[in-house]
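Scroll down for the structure; my scribbles are underneath it.
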2 protein chains.
Amino acid sequence: MAMIETLKKPSRIQRRNRKKILDAALEVFSQFGFRGATLDQIATEAGLSKPNILYYFDGKEAIYHTLLQGLMETWLDPLRALVHDGDPKAELLDYVDRKLAMSRDFPRESRLFANEILQGAPLIKDALDGELKALVDEKAALIQQWIKEGQIAPIDPHHLIFSIWSLTQHYADFDVQVRAVLGAREPFAEAGSYLKTLFTKLLTP
Amino acid sequence: MAMIETLKKPSRIQRRNRKKILDAALEVFSQFGFRGATLDQIATEAGLSKPNILYYFDGKEAIYHTLLQGLMETWLDPLRALVHDGDPKAELLDYVDRKLAMSRDFPRESRLFANEILQGAPLIKDALDGELKALVDEKAALIQQWIKEGQIAPIDPHHLIFSIWSLTQHYADFDVQVRAVLGAREPFAEAGSYLKTLFTKLLTP
DNA sequence: CCACAACCTGACCAACCGGTCAAGAAAATT
DNA sequence: AATTTTCTTGACCGGTTGGTCAGGTTGTGG
């Protein structure tokens with residue numbers, strides 16, 4: 001039996017090696033994109049042989065697919081956590097903080113996502129049109145309500161969300177450029193206070 | 001003689017075919033990155049045979065290098081145009097406009113650049129550390145002066161520049177995602193007025 | 001400690017990769 | 001028109017790619 005039945009409970013070895021493979025694949029895919037990455041690279045990075053990797057996954061695309069699918073969930077969690085639960089402005093600033101923290105702590109995930117979108121999102125186009133759009137529309141409606149209530153300044157909710165994504169992920173995706181320009185300065189600490197200022201000014205009515 | 005002497009003036013055919021190749025390469029490299037792109041793809045896109053492409057360029061890397069070198073110049077032009085020449089706030093808003101227009105009119109160039117940075121900028125690291133940093137530092141000093149004169153609000157100049165890059169290029173690099181979320185709405189027109197609002201609020205003391 | 005399943009790998013394969021080359025076709029020069 | 005230069009390509013090459021497979025090794029439950 002060449003392939004693992006996902007129905008059965010995975011063994012200890014399976015869990016360990018699948019994790020090793022996915023971690024190695026994240027490293028390689030996030031740097032070179034799907035087409036630029038090779039199984040040999042992933043195998044070396046994972047410390048396993050190439051055939052052994054194909055014992056755990058159906059192929060290169062299956063690894064990439066698994067990685068991206070798992071990523072989509074955790075990537076949208078911060079936005080899901082945006083609810084009507086106190087001060088709207090503080091709520092949105094918290095969302096910015098959470099997203100910036102993700103850029104700082106999971107830059108590879110951010111870059112993998114960026115790579116996929118850059119290439120036209122061949123694998124997650126459906127998720128963008130469906131799941132993502134639905135979630136964003138829902139949160140945009142919430143923001144629109146806050147605006148109507150006069151709790152934050154009147155701005156386009158969709159573009160507000162875009163700007164939060166853009167500004168926070170920039171520090172992960174363009175890390176090399178940011179550090180080249182800043183020299184020895186620490187990007188993320190500065191970005192935190194800068195973005196707080198920016199969004200406070202933007203959201204204050 | 002296999003290679004073209006750049007010292008001699010290029011013939012009509014040379015100009016036409018080199019342009020065809022660079023245009024095709026821009027299309028392919030911007031979508032798949034350096035490693036993910038193939039010469040066959042570029043050849044097909046250009047409507048030329050693979051050996052013919054290698055008649056005009058020294059190899060895959062030479063095409064990529066030529067493309068990136070030419071891009072760096074035009075990509076920084078809008079920032080170079082940022083000078084002390086009237087109202088600082090209007091000056092900066094104009095810069096935002098110019099950058100957004102570039103994202104709208106040259107999305108492939110933006111994505112090529114993004115791809116290179118994502119992969120750690122292996123080819124233009126030197127340019128980032130040198131030319132780019134110098135230019136940004138110069139303009140940051142200019143912005144700092146405006147702040148000191150009280151003409152714009154006190155914010156970190158470097159991160160201000162980052163946020164302009166980030167917010168404008170996002171609409172080119174993440175075009176698929178933006179359009180998926182917005183549905184039938186036209187991104188760039190909306191982005192124009194949104195960003196004008198954002199930066200006006202940010203820069204007003 | 002045995003038997004069976006799970007795990008691992010060296011050797012191999014067809015397809016594709018970037019790049020070469022000799023020789024022909026088209027332009028330009030005379 | 002002749003000739004030289006520029007341009008173009010089919011056939012080919014060594015290396016790499018994703019993937020297979022038979023058979024060996026390791027772990028595990030009885």
Side-chain angles (χ1 to χ4, degrees), chain A residues 1-29 31-68 119 122-123, chain B residues 1-29 31-68 119 122-123:
Chain A
M1 178 57 64
M3 194 36 49
I4 282 122
E5 305 294 333
T6 47
L7 306 169
K8 297 277 180 185
K9 56 181 162 49
S11 72
R12 249 183 309 124
I13 298 178
Q14 263 183 56
R15 267 198 304 277
R16 172 170 49 90
N17 283 351
R18 282 181 71 97
K19 184 170 289 183
K20 274 207 277 186
I21 292 169
L22 287 176
D23 189 70
L26 175 60
E27 185 72 29
V28 177
F29 280 134
Q31 205 175 131
F32 300 106
F34 176 71
R35 301 198 23 178
T38 72
L39 282 179
D40 290 277
Q41 266 181 297
I42 297 173
T44 302
E45 183 79 26
L48 300 172
S49 69
K50 188 168 64 173
N52 200 11
I53 280 189
L54 292 166
Y55 171 76
Y56 287 102
F57 287 91
D58 260 332
K60 185 183 175 183
E61 194 167 330
I63 303 175
Y64 187 70
H65 197 275
T66 303
L67 211 52
L68 220 54
Q119 306 191 1
L123 251 101
Chain B
M1 179 59 61
M3 195 35 48
I4 282 122
E5 304 296 335
T6 47
L7 306 169
K8 295 277 180 185
K9 56 180 162 48
S11 72
R12 245 181 313 123
I13 298 178
Q14 263 181 55
R15 265 198 305 275
R16 171 172 49 90
N17 283 350
R18 283 181 71 97
K19 184 171 287 183
K20 274 207 277 187
I21 292 170
L22 287 176
D23 190 70
L26 175 59
E27 186 73 29
V28 177
F29 280 134
Q31 205 174 135
F32 300 106
F34 177 71
R35 298 198 25 181
T38 72
L39 282 179
D40 290 277
Q41 267 181 295
I42 297 173
T44 301
E45 183 79 27
L48 300 172
S49 68
K50 187 169 65 173
N52 201 11
I53 280 188
L54 293 165
Y55 171 76
Y56 288 102
F57 286 91
D58 259 331
K60 185 183 176 184
E61 195 169 327
I63 302 175
Y64 188 71
H65 198 275
T66 303
L67 212 50
L68 220 54
Q119 306 192 1
L123 250 101

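In the text below, chain A, chain B and the rest are named by the order of the sequence lines, each starting its count at 1. These numbers were taken from a predicted model, which means no experiment stands behind them.
Against DNA chain C, the stretch residues 21-29 of chain B makes no heavy-atom approach under 4.0 Å. Shown for residues 37-51 of chain B: residues whose heavy atoms fall under 4.0 angstrom of DNA chain D, namely B:Ser49, B:Pro51.
Shown here for B:Glu61 and B:Phe34, the closest heavy-atom pair between the two residues is CA-CE1, 3.7 Å.
Under the rule for a side chain to side chain contact (heavy atoms under 4.5 Å, CB included), B:Thr44 has no partner lying at least two apart in sequence or in another chain. Considering only residues two or more places apart in sequence or on other chains, B:Lys50 meets the salt bridge (charged side-chain N to carboxylate O under 4.0 Å, His left out) condition with B:Asp40. For A:Ser49, the side chain to side chain contact (heavy atoms under 4.5 Å, CB included) partners two or more places apart in sequence, or in a different chain, are A:Pro51, A:Asn52. The side chain to side chain contact (heavy atoms under 4.5 Å, CB included) test applied to B:Ala25 returns B:Phe29, B:Ile42, B:Ile63, B:Leu67, not counting sequence neighbours. A search for side-chain hydrogen bond (donor to acceptor under 3.5 Å, both in side chains) contacts involving B:Glu27 returns B:Arg108, not counting sequence neighbours.
One finds no side-chain N or O of B:Asn52 lying less than 4.0 angstrom from the OP1 or OP2 phosphate oxygen of D:dG10.
When rounded to the nearest whole Å, the span between CG of A:Asp58 and P of D:dG19 equals 9 Å. The distance from atom CZ of A:Arg35 to atom C1' of D:dT17 is 12 Å, rounded to the nearest whole Å. One interatomic measurement links the two molecules: CD of B:Gln14 to C1' of D:dT6, which rounds to 8 Å at whole-angstrom precision. The distance between atom NZ of A:Lys60 and atom C1' of D:dT20, rounded to the nearest whole Å, is 17 Å. Whole-Å rounding puts the B:Phe32 CZ to C:dC17 P distance at 11 Å. Nucleotide C:dC13 holds its P atom 18 Å from the CG atom of A:Leu54, rounded to whole Å. Summarising the geometry, the separation between OH on B:Tyr55 and P on C:dA22 is reported as 16 Å, rounded to the nearest angstrom. Separating the OH atom of A:Tyr56 from the P atom of C:dT9 is a distance of 10 Å, rounded to the nearest angstrom.
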Please enumerate all protein N or O atoms sitting under 3.5 Å from an N or O of nucleotides 23-30 of chain D, with distances to 0.1 Å.
from, atom 1, to, atom 2, distance (Å)
D:dT28, OP1, A:Arg12, NH2, 2.7

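Note: B:Lys60 NZ to B:Ile53 CD1 = 12.0 Å, rounded to the nearest 0.5 Å. Taken from CG in B:Leu48 to CG in B:Leu54, the straight-line distance is 11.0 Å, to the nearest 0.5 Å. The line from OH of B:Tyr55 to CD1 of B:Ile21 is 11.0 Å long, rounded to the nearest 0.5 Å. Interatomic distance, CG of A:Leu26 versus OH of A:Tyr64, reported as 11.0 Å (0.5 Å rounding).
B:Thr38 has its side chain out of reach of B:Phe32: every pair of non-hydrogen atoms, C-beta onward, lies at least 4.5 Å apart.
Of the two residues near DNA chain C, B:Glu61 and A:Ile53, the one whose nearest nucleotide lies more 5' is A:Ile53.
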